[in-house]
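The block underneath contains the structure these notes are about, expressed in structure tokens.
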Amino acid sequence: MKPPDWDNVAQAYAAMSHESRHLVVFPVLLDLLEQQSPKRILDVGGGDGRFAEAAARRLPQSSVDAWDSSPAMTALALERARESKSFRVLQEKPPLCTYDAVILTAVWMGWETDEQCEDELRQLAESATDDGILLITVTHPCFRQERFSTFSTDFALPWYFDNGRPFTVHVEADNKRIQLSNTHWNLSAMSGQLSAASLNIERLHELPDLPSSVGDGGSPWLVVQASRKRRHVLDPAPDPDVARSA
Ligand SMILES: C[S@@+](CC[C@H](N)C(=O)[O-])C[C@H]1O[C@@H](n2cnc3c(N)ncnc32)[C@H](O)[C@@H]1O
């Protein structure tokens, strides 16, 4: 199966407003953002802009930018921004060292190689200010084999150490059903990619499924709270005159 073609599935995916991202992940991200009161927020891979709109409404003192590489998703976000006027949709890659909080939700599992993950995460890190916070959400790699309220996969636990393995996700909500191809990165691979992108893990938040879920248990979503690695300030080079006279 090919990687997701977001231009083709944009309409159907955006119409799933009861998918567990909205009901389980977004409220936690909004709480975490509120605790930080960031001035500038960026949602990378922000899809139809629903989260950016919610963040702008919840944090009226903040400015919120959304950026997505899919033109069809960007068109949906622009439509939403036109209606709400409370956030901005970027039409080109975000600027560097600008954002106090950077969000990436349900995007990382769409990246297919180690190099791609490291490059994309590095760009994400570089869009944050030095002391910015990054909130990166993925489907929990330890529970892919479980059935959750709005998605299930064809992944099997014996493949846990098989990094880079593609698997199929079935998403079902609002009487709609779509199928996506994702790539498995286990916790070791994820922490390695974050480190290669000069990001430190500050905290992990493992989210429970919807209370009404009749699924198999386990955690559907993992939020990685990360920060940029600080550059070490090197000791100044010794003054050659002082060194000679010593
Ligand atoms: C599963 S959707 C998630 C959308 C949104 N974050 C949400 O939770 O509603 C993944 C989105 O990431 C976008 N995407 C994938 N790779 C990207 C990249 N490198 N930069 C920007 N957007 C990207 C896709 O176009 C798609 O809209």
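First listed ligand is number 1; within each ligand, the first listed atom is number 1. Positions are given from 1 along the sequence.
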Taking only heavy atoms of Ser70, which atoms of ligand 1 are found under 4.0 Å from at least one of them?
-> 25 (O)
Would you tell me which option among Leu104, Val44, Val107, Val9 has the nearest heavy-atom contact to atom 12 (O) of ligand 1?
-> Val107
For ligand 1, is Arg50 a contact, meaning one of its heavy atoms is under 4.0 Å away?
-> no
Close approach, Trp67 and ligand 1, non-hydrogen under 4.0 angstrom | yes
Arg122 with Glu126: basic N within carboxylate O range, under 4.0 Å = no
Taking 4.0 angstrom as the limit, do Glu79 and Arg82 come out as a salt bridge?
-> yes
Using a heavy-atom cut-off of under 4.0 Å, does the side chain or the backbone of Trp111 touch ligand 1, or both, or neither?
-> side chain
Start with the C-alpha gap between His184 and Trp159, add the side-chain angles, then the distance that decides, and say whether side-chain contact (heavy atoms from CB on, under 4.5 Å) holds.
-> CA-CA 9 Å; His184 174 66; Trp159 303 332; 5.9 Å; no
Which of the atoms of ligand 1 are close to Thr105, meaning less than 4.0 Å from one of its heavy atoms?
-> 3 (C), 5 (C), 6 (N), 8 (O)
Ion pair Asp31/Arg58, N-O distance below 4.0 Å | yes
Phe148-Trp221 aromatic ring centre distance below 6.0 Å = no
Find all atoms of ligand 1 within a distance of less than 4.0 Å from any non-hydrogen atom belonging to Arg21, and give their numbers and elements.
-> 7 (C), 8 (O), 9 (O)
Of the options Asn200, Leu124, Leu199, which is the one that meets Leu194 in a side chain to side chain contact (heavy atoms under 4.5 Å, CB included)?
-> Leu199
Numbered atoms of ligand 1 (with element) below 4.0 Å of Glu120, judged on heavy atoms | 19 (N)
So is Asp68 polar-close to ligand 1, meaning N/O to N/O under 3.5 Å?
-> yes
Under a 4.0 Å heavy-atom limit, does Phe26 contact ligand 1 with its side chain, its backbone, both, or neither?
-> side chain
Interatomic distance, Gln11 atom CD to Asp48 atom CG [nearest 0.5 angstrom] | 9.5 Å
Which of the ligand 1 atoms, numbered from 1, are nearer than 4.0 Å to a heavy atom of Ala106 | 1 (C), 2 (S), 3 (C), 10 (C)
